2 protein chains.
Amino acid sequence: MQTTNTTEQQIIEAARKIFMQRGLSGARMQDIADEAGINKAMLHYYYRSKDKLFEIVFAEAVQMLLGRVNAIFAGDMPWKEKIVAAIDNYITSISENPYLPLFVLHEINQNPERMVQQFLHGPLFPNLRAFMMELAEESAKGNIRKVDPLQLMISIISMCVFPFVAKPLLTGVFQMDSARFSAFMEERKSFVSSFVLNALEP
Amino acid sequence: MQTTNTTEQQIIEAARKIFMQRGLSGARMQDIADEAGINKAMLHYYYRSKDKLFEIVFAEAVQMLLGRVNAIFAGDMPWKEKIVAAIDNYITSISENPYLPLFVLHEINQNPERMVQQFLHGPLFPNLRAFMMELAEESAKGNIRKVDPLQLMISIISMCVFPFVAKPLLTGVFQMDSARFSAFMEERKSFVSSFVLNALEP
DNA sequence: GTCTATAACATGATAGAC
DNA sequence: GTCTATCATGTTATAGAC
């Protein structure tokens, strides 16, 4: 995050906030202008159209969400430590931006073609693939229970991300307030780690 | 699902389809009218306003999503069988309506107050709470590893629901087509069951 | 670069004939 | 009940003064 308060930056930050909360179809250019503390016409002066502005915010969001997944499986720790570190890092990083996953998932569903572009420039998740290969090897060697690495991978991601996506539902159903939810996610780091490692014991 | 093709029903079905795909702010009354094969004015004749129509579709969707969770933990099987059955049932039922979870989650985020109403009339998930109590007991007796039942519960739900919510992302990242994804979710039933039971072994 | 005013269009909702 | 025509409003985008 830059602290340079250039007008372009103010606009992008305002757009990020409004688009993330309300989505493309729910966001109003007036809301973004108000949030940025400038005139509505300025948005068009700097970024031409609502769609152009959205495209920038969305591409950045996809990078944050997916780039993070790959980065988290970087390094060459032993696989157990890698799982623990990845879960810890991912929950921490989403906590800092809890709207991000639902925003991206919703907008992809609205327009799946948008993803195609992202994947052309984007990473092919080399670290993630390497980690899945490693799991397959450990599985073959009998060090861990025989599992489909893809199923395992998606399970780990599900357990980390879904609670954020479903936060208002979960806090409603299980009668948590916001502080209780934060504590729950903090505890969740060690819960998921143990849960996964136990499940993998041969 | 009724087969009575009364106009009211046609409208509700059309509204369900359009709202689920595009959300409240993305849906157009014209789209709903087209989908129902009737005139736009008829929508207002039968349901007064867009908000009224949405309220009906949304309330119904929440019931489908949450009522199902509770129903799935009904019955008095032994807890292991109950876990297996619940996972199997939940994945099957969401497969039949894959847009449902993301729709509900997105709209709750747009307007969390909407949920309050739903919980007043809605169920308090007696079966779910009973099951969590049972887990706590088994945990105390040493029959299963000591775990927080709430963390476990949310993990199970996460692993079943999240792949549907993230379908376009997962199929993109892991290069699956739609058929491959269906097969993946079918295999997932037994994967998640085994995964959870293994993790709970003392 | 920044503002006000306004054009151009989309959309929810209603009036009124049949 | 169903339709066409239209209103009223909201929203993106641009023109033009400063």
Side-chain angles (χ1 to χ4, degrees), chain A residues 2-61 99 103 106-107 109-111 113-114 117, chain B residues 2-61 99 103 106-107 109-111 113-114 117:
Chain A
Q2 286 278 39
T3 46
T4 58
N5 258 2
T6 154
T7 307
E8 284 107 314
Q9 272 299 324
Q10 284 178 302
I11 291 176
I12 290 293
E13 278 163 35
R16 184 160 43 222
K17 180 171 174 184
I18 299 296
F19 278 135
M20 290 232 181
Q21 280 179 8
R22 317 200 187 164
L24 172 56
S25 68
R28 297 290 161 252
M29 293 296 266
Q30 186 63 59
D31 300 333
I32 297 175
D34 292 347
E35 179 69 31
I38 55 157
N39 194 280
K40 199 173 51 149
M42 298 297 284
L43 302 180
H44 292 94
Y45 177 79
Y46 281 105
Y47 295 99
R48 249 188 80 84
S49 72
K50 185 184 180 183
D51 278 338
K52 276 281 176 200
L53 195 48
F54 176 81
E55 206 177 313
I56 293 168
V57 170
F58 179 73
E60 185 194 64
Y99 280 101
F103 168 68
H106 177 253
E107 295 302 338
N109 260 278
Q110 292 311 296
N111 185 354
E113 290 77 35
R114 251 198 290 269
Q117 273 193 317
Chain B
Q2 285 280 37
T3 45
T4 58
N5 259 0
T6 155
T7 308
E8 284 108 316
Q9 272 299 324
Q10 283 178 302
I11 293 176
I12 290 293
E13 278 164 35
R16 186 163 40 223
K17 179 170 173 183
I18 300 296
F19 279 134
M20 290 232 181
Q21 280 180 6
R22 316 201 188 163
L24 172 57
S25 67
R28 298 288 159 253
M29 293 295 267
Q30 186 62 59
D31 300 333
I32 297 174
D34 292 348
E35 178 69 31
I38 57 159
N39 193 280
K40 196 173 51 144
M42 298 296 284
L43 301 180
H44 293 94
Y45 177 78
Y46 280 105
Y47 296 98
R48 247 188 84 80
S49 72
K50 186 184 181 185
D51 279 337
K52 277 282 177 198
L53 195 48
F54 176 80
E55 208 177 310
I56 292 168
V57 170
F58 179 73
E60 184 194 66
Y99 280 101
F103 168 67
H106 176 254
E107 296 302 339
N109 260 278
Q110 292 310 297
N111 185 353
E113 290 78 35
R114 250 198 289 271
Q117 275 194 316

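Keep in mind it's a predicted model, so treat the numbers as computed, not measured. Order of the sequence lines sets the chain letters (A, B, ...), proteins ahead of strands, with each chain counted from 1.
Here the nucleotide nearest the side chain of B:R28, chosen from C:dC3, C:dA15, C:dG12, is C:dG12. The side chain of B:Y46 lies closest to D:dG1 when the candidates are D:dG1, C:dA13, D:dC3. Of the candidates C:dA13, D:dT12, D:dT2, the closest approach to any side-chain atom of B:K40 belongs to C:dA13. In this structure, of C:dG12, D:dA13, C:dT2, it is D:dA13 that holds the atom nearest to the side chain of A:M29. Listed nucleotides: C:dT4, D:dT4, D:dT2. Nearest to the side chain of B:M42: D:dT2. When the nucleotides C:dA15, C:dC3, D:dA13 are ranked by their closest atom to the side chain of B:A41, C:dA15 comes out on top.
One can place CD of B:Q30 at 11 Å from P of D:dT4, the figure rounded to the nearest angstrom. Distance CZ (A:R48) to P (D:dA15): 11 Å, rounded to an integer number of Å. Here the P atom of nucleotide C:dT14 and the NZ atom of B:K52 are 13 Å apart, to the nearest Å. Rounded to whole angstrom, the span from the CD1 atom of B:I18 across to the C1' atom of C:dG12 amounts to 16 Å. In this structure, A:I11 atom CD1 and C:dT2 atom C1' are separated by 11 Å, rounded to whole Å. In this structure, A:R22 places its CZ atom 11 Å from P of D:dT11, rounding to the nearest Å. At whole-Å resolution of the value, CG in B:L43 and P in C:dA13 are 10 Å apart. Whole-Å rounding puts the A:E8 CD to C:dT2 C1' distance at 13 Å.
Nearer the 5' end of DNA chain D, as judged by each residue's closest nucleotide, is the contact made by B:G37, out of A:K50 and B:G37.
For A:Y99, the OH atom sits in a loose shell: 12 or fewer heavy atoms of surrounding residues, nucleotides or ligands are nearer than 6.0 Å. Counting heavy-atom neighbours within 6.0 Å of B:F54 CZ, excluding the residue itself, gives a total above 12.
Between B:Y45 and the phosphate of D:dC3, there is no side-chain N or O to OP1/OP2 separation shorter than 4.0 Å. At C:dT14, none of the side-chain N or O atoms of B:H44 fall inside 4.0 Å of OP1 or OP2 (strictly under the cut-off). OP1 or OP2 of D:dT2 has at least one side-chain nitrogen or oxygen of B:T7 nearer than 4.0 Å.
Ring-centre distance between A:F19 and A:F58: not below the 6.0 Å cut-off.
Here B:Y47 lies out of heavy-atom contact (under 4.0 Å) with every strand. Counting any heavy atom pair closer than 4.0 Å across all strands shown, B:A27 reaches sugar-phosphate atoms only and no base atom.
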Practice task
Would you please test B:N5 and B:Q9 for side-chain hydrogen bond (donor to acceptor under 3.5 Å, both in side chains) and show each step?
Solution key: CA-CA 6 Å; B:N5 259 0; B:Q9 272 299 324; over 6 Å; no

Exercise for the section: Would you please test B:Q30 and B:D34 for side-chain hydrogen bond (donor to acceptor under 3.5 Å, both in side chains) and show each step? Expected result: CA-CA 6 Å; B:Q30 186 62 59; B:D34 292 348; 2.9 Å; yes

